[in-house]
Amino acid sequence: QLQLVESGGGLVQPGGSLRLSCAASGFTLDSYVIGWFRLAPGKEREVVSCIGRSGSITKYADSVKGRFTISRDNAKNTVSLQMNSLKPEDTAIYYCAARRRLTTVQAMCDPRAYDYWGQGTQVTVSS
């Protein structure tokens, strides 16, 4: 069974950092585009970032650009999200997702194109 598992969430103070990881089982990530999404209380699901199969193309939401970095290690079958300069508004459940479906680069982060989703990991930014 194809499965994605997120880890690395927790409680951090504003300005701090966390590194989230997404590990795959049952399939190899090198055939998949990977996205990170988040869901905050009272808000709709939001795109955070996504990364192409080789890692050469990355995209970020304006709200996290310059603070977050997405990367992948296909040899280890993982994708990471380094989150720096965290703000209280970053508090959310973070999900990774995978897809093989082809899209334009412009639509690469569209959550409607993703087929497989992890269970999520909680990130709380608070003093």
With side chain to side chain contact (heavy atoms under 4.5 Å, CB included) as the criterion, how do V105 and I57 come out once you've worked through the C-alpha distance, each side chain's angles and the decisive distance to 0.1 Å?
CA-CA 8 Å; V105 173; I57 300 175; 4.2 Å; yes

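- For the residue pair V123 and L20, the shortest heavy atom distance occurs at CG2-CD2, 4.0 Å.
- Note on ring orientation: taking the six-membered ring where Trp is involved, the planes of F27 and Y116 are tilted (angle from 30° to 60°).
- Using a 4.0 Å cut-off between charged nitrogen and carboxylate oxygen, D115 and R101 count as a salt-bridge pair.
- By the criterion of side-chain heavy atoms lying less than 4.5 angstrom apart, applied directly or through intervening Ile, Leu, Val, Met, Phe, Trp or Tyr residues, L4 is not grouped with Y95; the two fall into different hydrophobic clusters.
- Clustering ILVMFWY residues whenever any of their side-chain heavy atoms sit less than 4.5 angstrom apart, transitively, puts Y32 in a cluster other than the one holding L102.
- Note: the hydrophobic cluster containing L81 also contains V12 (ILVMFWY, side chain heavy atoms under 4.5 Å, direct or indirect links).
- Shown here for Y114 and C50, the closest heavy-atom pair between the two residues is OH-CB, 3.5 Å.
- With hydrogens and angles disregarded, a donor-acceptor distance shorter than 3.5 Å links the side chain of Y60 to the backbone of I70.
- No side-chain donor-acceptor contact under 3.5 Å links R72 to the backbone of G55.
- Rounding to the nearest 0.5 angstrom, the gap separating the OG atom in S25 from the CG atom in N77 is 8.5 Å.
- Side-chain N or O atoms of T91 include one that pairs as donor or acceptor with a backbone N or O of V125 at under 3.5 Å.
- Two residues are said to be in side-chain contact when any heavy atoms from C-beta on lie closer than 4.5 Å; R99 and M108 meet this criterion.
- The aromatic rings of F37 and W117 lie tilted to each other, with the angle between the two planes from 30° to 60°.
- The two residues K43 and L39 come nearest to each other via the heavy atoms O-CD1, 3.3 Å.
- Of all the heavy atoms in A113 and T103, the pair that sits closest is CB-CG2, 3.9 Å.
- V79 and L18 end up in the same hydrophobic cluster when Ile, Leu, Val, Met, Phe, Trp and Tyr side chains are linked at under 4.5 Å.
- Atom CG of L2 sits about 9.5 Å away from atom OG1 of T28, to the nearest 0.5 Å.
- The backbone N or O of S127 lies less than 3.5 Å from no partner atom in the side chain of Q13, so there is not a single donor-acceptor pair.
- For the pair R38 and Y94, the cation-pi criterion (under 6.0 Å, within 45° of the ring axis) is not fulfilled.
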Show your working on side chain to side chain contact (heavy atoms under 4.5 Å, CB included) between W36 and I51 and close with a plain yes or no.
CA-CA 9 Å; W36 283 97; I51 187 167; over 6 Å; no

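- Listed for the N84 side chain is no donor-acceptor partner under 3.5 Å among the backbone atoms of S17.
- Using modelled atom types, one side-chain atom of N74 and one backbone atom of R53 make a donor-acceptor pair closer than 3.5 Å.
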Take Q119 and E6 through the side chain to side chain contact (heavy atoms under 4.5 Å, CB included) test and state the conclusion after the steps.
CA-CA 7 Å; Q119 86 289 350; E6 303 94 334; 2.8 Å; yes

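- Put simply, the side chain of R45 never gets that close to the backbone of P111: no donor and acceptor are under 3.5 Å apart.
- Clustering ILVMFWY residues whenever any of their side-chain heavy atoms sit less than 4.5 angstrom apart, transitively, puts L86 in a cluster other than the one holding I93.
- A donor-acceptor contact shorter than 3.5 Å links the side chain of S49 to the backbone of K59.
- Smallest separation of non-hydrogen atoms from G9 and T121: N-OG1, 3.2 Å.
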Let's go through R19 and S71 carefully: what are the C-alpha distance in whole Å and the side-chain angles of both, what is the deciding distance for side chain to side chain contact (heavy atoms under 4.5 Å, CB included) to 0.1 Å, and is it a yes or a no?
CA-CA 11 Å; R19 186 176 182 87; S71 62; 3.7 Å; yes

